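Ligands are counted one by one from 1 in listed order, and the atoms in each one are counted from 1 as well. For clarity, every value in this text was computed on a predicted model and none was experimentally measured. Residues take their numbers from the sequence shown, with the count starting at 1.
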Amino acid sequence: MTTKRIVVIPGDGIGPEITAAARPILTAAANKSGLDLEFVTCLAGGAAIDKYGEPLPQETLVAAKAADAVLLGAVGGPKWDGVAPEIRPEKALLGIRKALGLYANLRPVKVSAALTAYSPLKPEIVTGTDILIVRELTGGMYFGPKCESETIEGTERAWDTEVYSVPEVARIVRVACRAAKGRRGKITSVDKANVLASSRLWRRVATATAREEGLDIGHLYVDNCAMQLVLSPKSFDVVVTGNLFGDILSDEAAVITGSIGLLPSASLGDGTGLYEPIHGSAPDIAGQGIANPVGTILSAAMLLRHSLGAEEAAAAIEQAVEAVLAAGHRTADLYRPGMTKVSTEEMTKLILKKLQ
Ligand code: NAD
C-alpha cells in the first residue's frame with residue numbers, strides 16, 4: 001500500500017472531538033482504496049497560544065507543507081478573546097492559507113434528501129440542490145491596496161481596492177472547470193461586470209479559460225446570483241467567483257441546507273490542500289460529546305478526492321453519511337421528535353459501520 005501523510009490540526013473547542021471522529025473513517029475509506037495513512041497531530045489556534053505563545057508555530061507550518069494533506073477542526077474561543085490582535089487564534093488560519101498558497105476555496109452545498117425539512121426554503125425548491133462554490137481566496141478586495149483613514153479637504157474617508165490579474169482569474173476558473181467535469185459540467189461565473197472594471201477582466205478571462213478547458217461558461221451578476229440561489233438553487237452546478245462575492249454567496253448557499261454542522265470545505269493551491277468544516281469551534285458545546293462530526297467527515301471525503309485522488313473512497317464516505325442520515329440518526333443540533341438522537345461517537349460508529 002502507498003503511504004500518505006496527513007497532518008491533523010484539531011484546534012480548539014469541538015475541534016479535537018470532530019477530527020477524532022473523522023480519522024478512523026478516513027483511514028477505513030483510504031485502506032479500501034489501497035492507501036495507508038500516517039497521521040501527524042499539530043497545534044494551531046488557541047491550543048498553540050497556550051503552549052507556545054503563538055497561534056501558528058513554525059513546526060506546524062513545516063509539517064503542513066511536507067504533508068500530502070491537512071485536516072483541520074476549528075480554532076478560537078472566548079478563552080483567547082483577550083489576547084493581542086497579532087496572536088489571535090484566527091491568525092493561524094490566515095497564516096496557514098498563505099504559507100500553503102491556498103488560492104481556491106471549494107464549498108459544496110448539497111441538500112441531503114433526508115434533511116430537506118431543515119432548509120428555510122420550501123422542499124420543492126430545495127430538493128436536489130447540489131452546488132459547488134469555488135471562491136478565489138488570495139486576491140481581490142481583501143488583499144488589494146487599502147487605506148484605513150485619510151482626510152481630503154477636511155473629510156475623513158477610507159478605501160479598499162478590488163484587483164484581479166489575468167493569471168489569478170485563469171487559475172481559479174481552471175480549478176472550477178476541472179471540478180465541473182467531474183460533476184454535471186455546468187459552470188457559472190459570478191461578477192459585477194456592469195459596474196466594475198475588475199469584473200469585466202474577470203468575465204473576459206473566465207470565458208477564454210473555460211473555452212480552453214472545453215466548457216461553456218454562463219455569467220451572472222452577483223446581485224442576480226444572490227436572488228437565484230434562493231429562488232432556484234437547483235439550477236446551479238459549479239459557481240466560480242472572486243474573494244468578496246464568494247465569501248458572501250458561500251454563506252448564503254450554506255444556510256439553504258439548514259445546518260452548518262454538515263458542511264465541508266477544501267482549500268487548494270499547487271501543493272498541500274487543507275480541509276475543514278465550515279463551522280467554528282462551537283465553544284458552547286465543546287467537551288460534551290454532542291458535536292455533529294459530519295462536516296469534518298465530509299471534509300475528509302474531499303481530502304481523499306482532491307489530495308489523494310481516491311474518488312471511490314470519497315464517494316463511499318458520502319454515501320455512508322447519506323445512509324445514516326436517511327435512517328433517522330441525528331446529533332443534538334439536528335434532532336427532532338421521531339428521530340434517533342446520537343452522540344458524536346455513536347454517529348461516527350454508524351458511519352464507519354456503513355462504510356465497512
Ligand atoms: P460556530 O460555528 O462555532 O457556532 C455557531 C453555532 O453553531 C453554535 O451554537 C454552535 O454550537 C453550533 N455548531 C457549530 N458547529 C457545530 C457542530 N459541528 N455540531 C453542532 N453544533 C454546531 O460559530 P461562532 O459561535 O460564531 O464561533 C465560535 C468560535 O469559532 C469563535 O472563536 C470563532 O472565531 C471561531 N470560528 C472559527 C472558524 C474556523 O476555525 N474556521 C470559523 C468560524 C468561527
Location of contacts on Thr331 toward ligand 1, heavy atoms closer than 4.0 Å: neither
Any N or O of Ile14 closer than 3.5 Å to N or O of ligand 1: no
Ionic contact status for Asp36 with Lys4, cut-off 4.0 Å: no
Main-chain N/O of Met227 paired to Asp223 side chain as donor or acceptor, under 3.5 Å: no
Electrostatic pair Asp68-Arg5, nearest N-O below 4.0 angstrom: no
Shortest protein contact, atom 9 (O) of ligand 1 (heavy atom only): Asp284 OD2, 2.9 Å
Under-4.0 Å protein heavy-atom contact, atom 11 (O) of ligand 1: yes
Closest protein heavy atom to atom 25 (O) of ligand 1, given as residue, atom name and distance to 0.1 Å: Pro283 CD, 4.8 Å
Asp130 and Arg183 ion-paired at < 4.0 Å: yes
N/O separation below 3.5 Å, Gly280 to ligand 1: yes
Top protein contact for atom 39 (C) of ligand 1, by heavy-atom distance: Leu93 CD1, 3.7 Å
Tyr103 six-ring face occupied by Arg171 cation (under 6.0 Å, within 45°): yes
Nitrogen or oxygen atoms of Val75 and ligand 1 under 3.5 Å apart: yes
Nearest non-hydrogen protein atom, atom 13 (N) of ligand 1: Ala282 CB, 3.9 Å
Close N or O approach (Gly77, ligand 1; < 3.5 Å): yes
Geometric cation-pi criterion Arg330 and Tyr118, 6.0 Å radius, 45° cone: no
Closer than 4.0 Å: a protein non-hydrogen atom to atom 27 (O) of ligand 1: no
